[in-house]
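Written out below as structure tokens is the structure these notes cover.
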Amino acid sequence: MYASVIDICYTLFRIYDMVIAQSDTHPNSQSNCKAAMFGLTFFALLSVFVRALFSVHLQAAIVHNVSKPLCYEKIFIAISLALALLLALLPLTRFAYVWVDYDPTLGSGHCSYFSLETIPHSFNASDITIDDARRAVIAGVLWCWATYFGWIALTILYCVLIIGVVIYHIWKEHQRTTSLITRRHQLLESGQYMLDENVKPLEAAHEELSGRPDSMLIIIRNTEKAD
């Protein structure tokens with residue numbers, strides 16, 4: 001449910017970004033760019049973090065044997081909200097969400113990570129040189145990885161590692177269970193063998209006595225005469 005609501009909010013900000021924030025005819029391009037980039041970053045990160053909750057449940061229930069892993073769901077959601085909010089706000093403090101009227105590296109106006117800390121306003125072709133634009137683009141890419149792509153990559157890596165650990169844990173438990181079942185069967189077979197070995201002499205004696213009834217009668221009669 002959480003992921004569905006978050007995805008709807010992300011879609012609304014994507015529409016806002018495409019219709020308004022990326023329009024160079026809007027009078028408030030810089031403000032719209034910041035709002036759109038903040039919303040897209042926040043809800044994209046939150047969507048990834050919430051989906052990682054499945055791996056957290058697996059880790060708690062299977063690896064750490066937590067009896068009620070769902071009790072920690074609200075705590076994880078709160079941490080995800082705080083972390084996504086922090087990562088989405090950080091670029092705003094360094095003017096990394098920027099609407100550029102003309103970017104010498106791309107040629108057209110756009111809203112993206114374009115770190116120009118000392119000149120936080122919209123830019124025309126005469127406002128910035130090509131070298132400055134390239135440096136700004138590199139700084140923007142670094143900000144993008146530090147606050148967006150890097151965290152998504154770490155979250156995916158965590159999920160993959162947890163799935164691998166869970167598969168190994170299940171395989172190890174399967175091996176242990178199989179070993180216990182094998183040992184139990186061996187003990188049962190050993191006990192049955194010992195029981196058979198103890199019963200064989202009794203069966204042999206019974207067969208021997210059953211095969212000589214007359215001898216037994218003679219012994220009994222002799223015993224009665226002696227009395």
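- Between Gln175 atom CD and Leu180 atom CG the span is 11.5 Å, to the nearest 0.5 Å.
- Taking the side chain as every heavy atom from C-beta outward, Trp143 and Leu90 approach each other to under 4.5 Å.
- When hydrophobic clusters are built by joining Ile, Leu, Val, Met, Phe, Trp and Tyr residues whose side-chain heavy atoms come closer than 4.5 Å, directly or via intermediates, Tyr10 is grouped together with Phe149.
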Requested in this report: Please assess Asn32 against Tyr16 for the test side chain to side chain contact (heavy atoms under 4.5 Å, CB included), listing each intermediate value before the final yes or no.
Outcome: CA-CA 9 Å; Asn32 289 325; Tyr16 171 68; 2.6 Å; yes
Query raised in the report: What's the verdict on side chain to side chain contact (heavy atoms under 4.5 Å, CB included) for Tyr2 and Glu73, showing C-alpha distance, side-chain angles and the deciding distance?
Result: CA-CA 11 Å; Tyr2 296 114; Glu73 181 174 315; 3.1 Å; yes
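- The pair Arg14-Asp7 does not count as a salt bridge, with every side-chain nitrogen at least 4.0 angstrom from each carboxylate oxygen.
- Summarising the geometry of Pro91 relative to Thr147, their closest heavy-atom pair is CG-OG1, 3.7 Å, with the distance given to 0.1 Å.
- A side-chain N or O of Thr41 and one of Tyr113 form a donor-acceptor pair less than 3.5 Å apart.
- Contact detail for Ala146 and Trp151: the closest heavy-atom pair is O-NE1, 3.0 Å.
- Aromatic ring pairs are classed by plane angle as parallel below 30°, tilted from 30° to 60° and perpendicular above 60°; the pair Phe13 and Phe43 is tilted.
- A continuous path of hydrophobic side-chain contacts links Ile62 to Val160 [ILVMFWY only; heavy atoms under 4.5 Å].
- Residue Phe54 places its CZ atom among 12 or fewer non-hydrogen atoms of other residues, nucleotides or ligands, all under 6.0 Å distant.
- With rounding to the nearest 0.5 angstrom, the OG1 atom of Thr11 is 12.5 Å from the CG atom of Asp17.
- Note that CG of Leu58 is 8.5 Å distant from CD1 of Ile162, once rounded to the nearest 0.5 Å.
- Rounded to the nearest 0.5 angstrom, Thr177 OG1 and Lys172 NZ are separated by 12.5 Å.
- With a 4.5 Å cut-off on side-chain heavy atoms, Leu53 and Ile77 count as touching.
- Note that CD1 of Ile156 is 11.5 Å distant from CZ of Arg51, once rounded to the nearest 0.5 Å.
- Lys34 places a side-chain heavy atom less than 4.5 Å from the side chain of Leu92.
- No hydrogens or angles considered: a donor-acceptor pair under 3.5 Å links the side chains of Gln59 and Tyr158.
- Atom-to-atom distance recorded for Ile79:CD1 and Phe49:CZ is 11.5 Å, nearest 0.5 angstrom.
- Between Leu85 and Phe38 there is a side-chain heavy-atom pair separated by less than 4.5 Å.
- For the pair Tyr148 and Leu45, the minimum side-chain heavy-atom distance is below 4.5 Å.
- Hydrophobic clustering (side-chain heavy atoms under 4.5 Å, transitive across Ile, Leu, Val, Met, Phe, Trp, Tyr) keeps Leu161 apart from Ile170.
- Under the 4.5 Å side-chain heavy-atom criterion for ILVMFWY residues, a single connected hydrophobic cluster contains both Trp145 and Leu86.
- Val141 and Leu154 fall into different hydrophobic clusters, defined by Ile, Leu, Val, Met, Phe, Trp and Tyr side-chain heavy atoms under 4.5 Å apart, directly or through other members.
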